[in-house]
Q: 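Let me give you the structure first, and then I'll get to my questions.
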2 protein chains.
Amino acid sequence: MILSKTTEYALNVLSFMATRNKEMYPAEYLYKELKIPRQYLRRLLTDLSRKGFITSIRGRNGGFVFSRDLSSINFAQVIEAMEGQEAMKTCLLGFTACIIDHPCVMHDLWTEARSKMIETLTNTSLADLKNKYEMDKDTIAQLNNSLIH
Amino acid sequence: MILSKTTEYALNVLSFMATRNKEMYPAEYLYKELKIPRQYLRRLLTDLSRKGFITSIRGRNGGFVFSRDLSSINFAQVIEAMEGQEAMKTCLLGFTACIIDHPCVMHDLWTEARSKMIETLTNTSLADLKNKYEMDKDTIAQLNNSLIH
DNA sequence: TTAAATTACTACAAAAAGGTAGCATTTATA
DNA sequence: TATAAATGCTACCTTTTTGTAGTAATTTAA
Ligand code: FES
Ligand code: FES
């Protein structure tokens with residue numbers, strides 16, 4: 001139910017990067033914006049680049065950029081990469097024992113809600129996120145406009 | 001996404017107790033059945049009784065029994081009691097910061113799947129679990145029967 | 001070529017979660 | 001009443017997760 005703090009951080013970073021239109025995201029900038037502990041964030045960024053979501057560019061004017069198209073990164077992938085493949089494959093209540101042996105009594109009742117959730121996480125890419133974000137911005141801009149005039 | 005091990009244990013214990021028809025569940029019996037580390041389980045049981053799900057009966061022939069009707073205990077309650085109220089109230093991806101400030105970009109997309117899940121957890125009581133379990137047992141018994149004859 | 005801005009790496013520290021051991025207390029019953 | 005079978009409690013240990021500090025390497029640009 002509750003993702004690890006590190007996974008939350010990862011989702012925060014990637015969501016943030018996906019919705020701003022910067023060319024480059026240095027760790028220090030992300031630190032100031034997101035308030036994730038400085039050194040921990042740096043490690044996380046290195047980790048995310050090793051996992052292939054972003055690419056690091058060293059040296060002056062360096063930082064991090066997405067290494068592939070936003071539409072090819074979805075939330076399920078990120079969670080899986082951070083928490084391990086198990087996380088999404090076993091049942092969300094985590095009764096691993098009863099999967100091997102025999103599905104526990106909760107299993108059937110749970111299955112529907114669970115797949116809805118995984119579906120949402122899988123079907124939502126960072127590109128969707130970005131589009132949504134920009135639509136919202138437009139709506140707010142129009143609202144402000146109509147209030148002023 | 002992933003409940004803490006302790007919460008898993010709690011759900012396992014309560015599910016197990018709900019589906020067996022014993023009058024009393026001593027810690028040692030639950031230990032043998034569920035293989036949860038002995039002393040840790042004992043602490044968990046004490047905790048669950050402090051939280052009002054079960055009652056402890058000390059002394060010889062003692063053990064644990066439900067302290068209220070199975071139909072009045074649902075999964076959401078148990079998870080909330082174990083993980084803290086926050087767990088169910090804030091968004092499942094745990095972006096607490098963005099709730100206070102402003103809902104993050106993920107929020108809207110996420111809301112539907114999230115509420116489905118909470119709904120299921122809230123609407124499923126231990127009594128439901130028990131009924132389901134007994135129906136399944138009957139079905140299997142009938143199947144066996146028809147195979148033999 | 002030197003300084004500044006940046007990531008990479010390593011080692012450590014602190015906090016939280018999970019697990020163990022042992023003794024005290026309670027209760028039923030032989 | 002003594003013993004066995006149970007929970008209650010406390011103190012400690014181990015592992016995992018989260019967080020910190022400092023130095024090395026890389027790159028740009030003055
Ligand atoms: S196997 Fe999914 S809840 Fe037990
Ligand atoms: S507020 Fe729910 S995902 Fe951010």
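Worth saying up front: this structure is predicted, and the values here are computed from it rather than measured. Lettering follows sequence order; numbering is per chain, from 1.
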Q: So what does B:Thr6 hit on the nucleic acid, given a heavy-atom distance under 4.0 Å: a base, only sugar-phosphate, or nothing?
A: sugar-phosphate
Q: Distance alone, cut at 3.5 Å: any donor-acceptor contact between the side chains of B:Thr46 and B:Ser49?
A: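 Side chains of B:Thr46 and B:Ser49: no pair found under 3.5 Å.
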Q: Could you tell me how far apart B:Glu8 (CD) and C:dG19 (P) are, to the nearest whole angstrom?
A: 11 Å
Q: Would you say D:dG8 has OP1 or OP2 under 4.0 Å from some side-chain N or O of B:Ser56?
A: yes
Q: Separation of B:Met24 atom CE from C:dA28 atom P, in whole Å?
A: 10 Å
Q: Taking C-beta and beyond as the side chain, do A:Phe64 and A:Met24 meet within less than 4.5 Å on heavy atoms?
A: no
Q: Does any N or O donor sit under 3.5 Å from an N or O acceptor when you compare the side chain of B:Arg58 with the base of C:dT25?
A: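 Answer is yes: a donor-acceptor pair is held.
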Q: Categorize A:Ile57 for me: base, sugar-phosphate, or nothing, with a 4.0 angstrom heavy-atom threshold over every strand shown.
A: sugar-phosphate
Q: Whole angstroms only, please: what is the CG-P distance between A:Leu44 and C:dT7?
A: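 The answer, rounded to whole Å, is 13 Å.
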Q: Tell me whether the side-chain N/O atoms of A:Lys5 come closer than 4.0 Å to OP1 or OP2 in C:dA16.
A: no
Q: Between the base of D:dG22 and the side chain of A:Gln39, is there a donor and acceptor pair under 3.5 angstrom?
A: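 Answer is yes: a donor-acceptor pair is held.
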Q: State whether B:Arg50 places a side-chain N or O below 4.0 Å from either non-bridging phosphate oxygen (OP1 or OP2) of D:dC9.
A: yes
Q: Considering every strand and a 4.0 Å limit on heavy-atom distances, what is the contact class for A:Gly59: base, sugar-phosphate, or nothing?
A: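 The residue A:Gly59 makes base contact.
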Q: Quick one: closest heavy-atom pair of B:Tyr25 and B:Phe16, and the distance?
A: CE2-CE2, 4.5 Å
Q: Hey, what do you get for CG (B:Leu129) to CD1 (B:Ile73), rounding to the nearest 0.5 Å?
A: 11.5 Å
Q: Report yes if a side-chain nitrogen or oxygen of B:Arg42 is closer than 4.0 Å to either non-bridging phosphate oxygen (OP1 or OP2) of C:dG22; otherwise report no.
A: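 For C:dG22, OP1/OP2 do not have a side-chain N/O of B:Arg42 under 4.0 Å.
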Q: Less than 4.0 angstrom from a charged side-chain N to a carboxylate O is my criterion; do B:Glu28 and B:Arg38 meet it?
A: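 Looking at B:Glu28 and B:Arg38, the cut-off is met.
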Q: Nearest-Å distance, CG (B:Leu41) to C1' (C:dT20)?
A: 13 Å
Q: For side-chain contact (heavy atoms from CB on, under 4.5 Å), just list the numbers for A:Phe75 and A:Thr120, CA-CA rounded to whole Å, side-chain angles, deciding distance to a tenth of an Å, and then say yes or no.
A: CA-CA 9 Å; A:Phe75 283 82; A:Thr120 304; over 6 Å; no
Q: Return yes if the base of D:dG19 and the side-chain atoms of A:Arg43 contain a donor-acceptor N/O pair under 3.5 Å, otherwise no.
A: yes
Q: Please determine if a side-chain N or O atom of A:Asn61 lies less than 4.0 Å away from the OP1 or OP2 oxygen of D:dT27.
A: no
Q: Rounded to whole angstrom units, what separation is found between the OH atom of B:Tyr29 and the P atom of D:dA5?
A: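 B:Tyr29 atom OH is separated from D:dA5 atom P by 18 Å.
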Q: For A:Ile36 and D:dT17, give me the distance from atom CD1 to atom P, rounded to whole Å.
A: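 My rounded result for the distance is 18 Å.
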Q: To the nearest angstrom, how far is B:Phe64 atom CZ from D:dA5 atom C1'?
A: 13 Å
Q: Ignoring backbone atoms, test whether A:Tyr9 places a side-chain nitrogen or oxygen under 4.0 Å from the OP1 or OP2 oxygen of D:dT18.
A: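 So the side chain of A:Tyr9 is outside the cut-off, no N or O lying under 4.0 Å from OP1 or OP2 of D:dT18.
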Q: Give A:Arg38 one of three labels, base, sugar-phosphate or nothing, depending on what nucleic acid heavy atoms sit under 4.0 Å from its own.
A: nothing
Q: How long is the line joining OH of A:Tyr31 and C1' of C:dT6, in whole Å?
A: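 To the nearest whole Å, that distance equals 17 Å.
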Q: Look at B:Tyr40 and C:dA17 and indicate whether a side-chain polar atom (N or O) is within less than 4.0 Å of OP1 or OP2.
A: no
